[in-house]
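Data first, discussion second: the structure below is written as structure tokens.
These figures come from a predicted structure and were not determined experimentally.
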Amino acid sequence: MEKIESGLKNKITSEEAWKMREDFEREREIEKKLDQEFNQKMEYELAIQAMEDGEYKEAIDRFKKTSIWNTDKKIKYICLYNEAYCYAKLAKDVEGYQKAIKFFIKAEKYADTSRDDVVLLYRNIALLFTYIGKEQEKVLNYKKANNYFEKVLDCAKDSDEYYVVDVILHIARNYMDMCDEVPMSEVKENLSIAFVLMVGICLLSGDELSEEQAYILMHNMGRVFYHIAEKEHMPQLRKQAQELYIEVLQMDFVKRDKEKFALVNLNLGMAYQYDCEEGTENLEKALSHYQIAYDTYKSLDIYGIEHSILNLQLNMAEAYSILYQQTEKEKHFAQAERLLNSVEKKVDAMPYNSLYLRIKLSLMNLYYRRINFAKEESEQERWIEKADKISSEIDAILTSADYSKYRYTYFLLKSRINIFQINNKTDVEILIDYKNKLQKIANETKGGNENLYEAAKEMINQYKDAIQWRLNE
């Protein structure tokens with residue numbers, strides 16, 4: 001009996017020991033979890049502090065440590081979102097922006113559309129695609145940006161009116177900016193969409209816009225007027241664009257921001273530059289505003305500023321080229337040529353941005369103007385040879401990139417220079433081929449771009465005269 005009691009006592013002791021051990025292990029796991037949670041909380045707080053202090057690399061490392069073992073979807077989302085934000089702040093080029101997008105898209109997997117934070121997520125992805133589009137493949141990346149902006153609108157709540165207005169303005173601006181690259185057939189539609197969206201903002205929220213939104217709206221309405229004036233031959237809209245830009249320049253919001261101040265001066269310069277039918281006064285105004293923009297841009301140290309400066313210098317060269325056309329002064333020709341050659345050396349020739357092609361077209365147009373003013377045949381032949389060399393380079397560029405918008409401009413310029421090379425040995429069939437291609441341009445631009453349409457009609461008449469002259473020989 002004693003043995004049985006002893007055995008029973010030992011058995012109870014053993015079971016208690018196992019239970020004690022289980023309790024100990026459980027408590028240890030709880031403590032371990034609490035330690036992990038405490039460490040993660042500390043790591044997260046340090047990550048937030050590092051991000052606020054601009055120590056983005058340190059913040060990224062700490063957010064990774066916080067999220068790597070965490071199973072809470074909301075915490076994972078917040079950490080991945082903040083990692084993406086830090087990568088975006090560190091980005092210095094397209095590759096950097098693409099990396100930031102990659103982490104925002106990772107965060108999207110843990111997003112909850114019932115939470116407000118996805119509105120910011122989609123907006124940030126859209127902005128990054130817009131930044132990339134400024135550097136390469138504008139249409140492709142701007143369309144991706146607009147897709148994400150539309151996701152913001154899908155997720156937005158009644159309390160998100162600020163973001164709704166902001167996003168609609170960005171969508172409108174992207175449609176307008178794509179006009180530089182899309183085929184001629186899409187330009188008018190893009191401008192119409194941009195115009196309707198901005199008028200809608202004016203009607204619904206005009207009195208409730210923030211300073212920034214008022215700037216974006218007025219500045220881009222000016223740009224819409226400018227583009228419509230160019231495409232529809234409505235010079236009165238250029239005057240309205242000028243008035244809007246001048247009003248924007250007087251906004252305190254713009255005066256506090258060097259980049260915006262430079263951009264508005266640039267666009268005001270363009271509105272003056274192409275409103276020069278009455279003489280050289282507006283061209284001089286354009287160059288003055290370009291110079292202000294140039295001096296302001298030079299003082300900035302931000303990503304993409306070099307590209308903005310090169311675009312600005314191209315506009316300055318164009319203004320000098322038009323001044324040369326109007327005055328025949330050698331100094332204006334020299335200034336235009338010097339600027340174009342300088343910009344050309346700094347531009348990547350890869351087929352993802354139209355700037356390189358536009359420089360070549362501008363230089364070819366400058367030489368065409370020089371051909372017009374040549375006093376002697378030998379001088380004319382020299383400039384024709386230079387223009388033909390650039391024409392060959394443009395042909396090469398167009399084999400590797402779809403710059404359909406510029407094909408019409410290029411062919412019109414090419415046909416103008418070819419007129420000077422017609423003689424009594426010129427093949428009539430070649431002249432007929434030129435006339436037919438010009439007729440095609442006229443047919444396709446009628447109602448879409450009045451300037452190109454009128455230029456094509458003028459050249460058709462010149463080629464008709466040349467064909468008749470050759471047939472009468």
Side-chain angles (χ1 to χ4, degrees), residues 87-88 90-102 127-145 173-174 176-183 259 262-263 266-267 269-270 290 293-294 296-321 335-367 386-410 413-414:
Y87 279 121
L90 289 169
K92 298 294 183 186
D93 52 25
V94 168
E95 187 178 349
Y97 287 132
Q98 288 170 335
K99 188 170 187 177
I101 289 172
K102 178 183 172 183
L127 289 174
L128 287 168
F129 275 122
T130 302
Y131 298 153
I132 293 171
K134 289 178 182 178
E135 296 295 317
Q136 64 183 44
E137 298 183 290
K138 179 180 281 186
V139 175
L140 173 66
N141 285 298
Y142 276 26
K143 284 182 176 179
K144 287 181 180 179
R173 185 161 55 182
N174 283 353
M176 186 167 51
D177 286 349
M178 282 191 282
C179 290
D180 292 339
E181 305 287 345
V182 296
E259 187 177 8
L263 181 59
L266 165 61
N267 285 326
M270 290 176 67
Y290 286 154
Y294 178 74
T296 308
Y297 274 142
K298 279 200 307 180
S299 69
L300 294 173
D301 182 21
I302 56 176
Y303 171 69
I305 202 66
E306 181 63 27
H307 189 77
S308 298
I309 290 172
L310 294 175
N311 269 298
L312 170 59
Q313 288 179 308
L314 174 58
N315 285 334
M316 293 176 81
E318 284 282 1
Y320 281 121
S321 182
Q335 286 166 313
E337 187 179 39
R338 177 184 59 78
L339 272 169
L340 289 169
N341 287 332
S342 171
V343 174
E344 183 185 10
K345 292 173 183 175
K346 300 171 185 173
V347 175
D348 189 344
M350 291 298 288
Y352 51 65
N353 196 296
S354 63
L355 180 57
Y356 186 71
L357 172 64
R358 287 187 286 130
I359 293 164
K360 295 290 185 183
L361 285 170
S362 187
L363 197 54
M364 188 174 173
N365 196 31
L366 178 65
Y367 291 158
K386 280 179 171 285
D388 283 345
K389 182 176 181 296
I390 295 172
S391 178
S392 297
E393 292 169 358
I394 292 174
D395 287 334
I397 293 168
L398 293 176
T399 61
S400 59
D402 180 21
Y403 293 126
S404 54
K405 176 189 172 181
Y406 298 100
R407 288 181 184 274
Y408 295 153
T409 304
Y410 169 52
L413 188 52
K414 191 174 180 179

>> Is there a side chain to side chain donor-acceptor pair (under 3.5 Å) between Y320 and E337? Walk through the geometry before answering.
In response: CA-CA 9 Å; Y320 281 121; E337 187 179 39; over 6 Å; no
Please report the interatomic distance [atom1]([X]) to [atom2]([Y]), rounded to the nearest 0.5 Å.
X    : Y    : atom1 : atom2 : answer
E137 : K144 : CD    : NZ    : 7.5 Å
I305 : L310 : CD1   : CG    : 10.5 Å
E393 : L398 : CD    : CG    : 12.0 Å
I132 : N141 : CD1   : CG    : 5.5 Å
E344 : Q313 : CD    : CD    : 13.0 Å
Y294 : L266 : OH    : CG    : 14.0 Å

Of all heavy-atom pairs between [X] and [Y], which one has the smallest distance, and what is that distance?
X    : Y    : value
Y356 : D348 : CB-O, 3.8 Å
I390 : K360 : CG2-O, 3.4 Å
M364 : I394 : SD-CD1, 3.8 Å
S321 : A336 : N-CB, 3.8 Å
A293 : A262 : CB-O, 3.3 Å
L340 : I359 : O-CG2, 3.8 Å

>> With a 4.0 Å cut-off on N to O distance, would you call E95 and K99 a salt bridge?
In response: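 Not counted as a salt bridge, because no side-chain N and carboxylate O are separated by less than 4.0 Å.
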> With a 4.5 Å heavy-atom cut-off, do L355 and H307 have their side chains touching?
Replying inline: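 They are in side-chain contact.
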> Sub-3.5 Å donor-acceptor pair from the side chain of Y410 to the main-chain atoms of S391, do we have one?
Replying inline: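 Yes: the side chain of Y410 pairs with the backbone of S391.
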>> Please check this pair: side chain of R358 against backbone of N311, looking for a donor-acceptor N/O pair closer than 3.5 Å.
In response: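 A pair under 3.5 Å: no.
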> Quick check: are there more than 12 heavy atoms from other residues, nucleotides or ligands sitting under 6.0 Å from OH of Y87?
Replying inline: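 Above 12, so yes.
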